[in-house]
Amino acid sequence: MATWSRFTPPVKAIHVYIEGDGFAWKSRTQPSDNPTPRNPTGLSLAAADASSSVLYLARPCQFILPLPTHCTVNEWTTDRFSPEALGAMNEALDQIVSRYPGVKLDLIGYSGGGNIAALLAMRRTDVRSLRTVAGNLDVAWVNALHQVTPMPHALNAIDTASALRALPQIHYSGDQDEVVPTLVARRFQQAVGGHCTQVKVVHGMGHGSDWGAKWAELSKEAGDRLTFGC
């Protein structure tokens, strides 16, 4: 698993960015040979973050050449949200944050990385906030919307969303996003319940738009909108 980071002591909080699904499919029926994203939006978000400590986590098998033998097509297609995939992401995060006892994490996930970020937030005790950008927070619903093959092994954040009721979170969605429409974020907000979840609709943005160019502004705004005591 590829990672990039910038840590400035003392490390008390880390902004953790999780990449999207990458180049998983060449077409609706043909998987790609390598899942490395052609436009790594998660990485562009991390690069735009001026915080003192930033960590970027690619998804399994992205940015790795040559691909090791255990990186099979299932890793970035049918099994990309499997318990094993989530466990691998969680273990990678554990290895890094273990160097900084007591550190708190602010998770930010793009697209399918939003589903991973939400699932990690449910599993961990060191997460103080969650943000997603065009986050696929209801995998089954989005697959049904696009009439693609269901993913029977996929963990779906919306199914256990109420576990995040007390966690401050913002879900950004573009009003031009036809891949993961704003309704997904709204449905997730309703499933979470409580008053700690916000949905921010960003005008003129589609799923693959240049979110990195907007992120400095959105992050500054989030500093005022995220209430860590909610």
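Everything numeric in this text was worked out from a predicted model, so none of it was measured. The first residue of the sequence shown is numbered 1, and numbering continues consecutively from there.
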Are the side chains of [X] and [Y] in touch, meaning some heavy atoms are under 4.5 Å apart?
X    : Y    : answer
H207 : S111 : yes
V97  : D126 : yes
W76  : F23  : no
V202 : S173 : no
M151 : R80  : yes
R124 : L105 : yes
L130 : L164 : yes
H153 : T78  : no

Going hydrophobic residue to hydrophobic residue with side-chain gaps under 4.5 angstrom, can you get from [X] over to [Y]?
X    : Y    : value
V199 : W141 : no
L45  : V179 : no
M205 : L218 : yes
V142 : V192 : yes
L43  : L107 : no

Chi angles and distances behind the side chain to side chain contact (heavy atoms under 4.5 Å, CB included) call for F81, I116: CA-CA 7 Å; F81 300 123; I116 296 291; 3.9 Å; yes
Quiz question: by atom type and distance under 3.5 Å, do the side chains of [X] and [Y] form a donor-acceptor pair?
X    : Y    : result
D106 : S129 : yes
Y110 : E19  : no
T8   : S52  : no
N34  : T36  : yes

Please name the pair of heavy atoms, one in [X] and one in [Y], separated by the smallest distance, quoted to 0.1 Å.
X    : Y    : answer
L167 : A121 : CD2-CB, 3.9 Å
P31  : T77  : CB-CG2, 3.8 Å
G22  : P37  : CA-CB, 3.7 Å
P60  : P35  : O-CG, 4.2 Å
A118 : L137 : CB-CD2, 4.0 Å
A154 : V139 : CB-CG1, 4.4 Å

Any donor-acceptor N/O pair, [X] side chain to [Y] backbone, under 3.5 Å:
X    : Y    : answer
Q198 : P168 : no
Q62  : R59  : yes
S219 : A216 : no
N156 : D159 : no
D177 : V180 : yes

For D49, all residues meeting side-chain hydrogen bond (donor to acceptor under 3.5 Å, both in side chains), sequence neighbours excluded: H15, Y17, S51
side-chain hydrogen bond (donor to acceptor under 3.5 Å, both in side chains) partners of R186, counting only residues at least two apart: none
Step-by-step side chain to side chain contact (heavy atoms under 4.5 Å, CB included) determination, I96 to T3: CA-CA 10 Å; I96 294 169; T3 70; 4.3 Å; yes
What's the separation between atom [atom1] in [X] and atom [atom2] in [Y], rounded to the nearest 0.5 Å?
X    : Y    : atom1 : atom2 : answer
I158 : Q189 : CD1   : CD    : 11.0 Å
I170 : T132 : CD1   : OG1   : 10.0 Å
Q169 : R128 : CD    : CZ    : 15.0 Å
I18  : L93  : CD1   : CG    : 7.0 Å
L57  : M1   : CG    : CE    : 7.0 Å
K214 : S209 : NZ    : OG    : 9.5 Å

Over 12 foreign heavy atoms within 6.0 Å of NE2, H146: yes
Residues, nucleotides or ligands: over 12 heavy atoms within 6.0 Å of Q176 CD: yes
Ring centres under 6.0 angstrom apart (W215, Y172): yes
Residues I108, V16; criterion side chain to side chain contact (heavy atoms under 4.5 Å, CB included); working and verdict: CA-CA 6 Å; I108 304 103; V16 180; 5.9 Å; no
Criterion side chain to side chain contact (heavy atoms under 4.5 Å, CB included) on L86 and R123, from CA distance to verdict: CA-CA 10 Å; L86 180 65; R123 173 176 291 205; 3.7 Å; yes
Ring pair (Phe, Tyr, Trp, His ring centres under 6.0 Å) partners of F63, counting only residues at least two apart: W4
Evaluation steps, salt bridge (charged side-chain N to carboxylate O under 4.0 Å, His left out), between D138 and R187: CA-CA 8 Å; D138 189 348; R187 283 165 49 85; 2.7 Å; yes
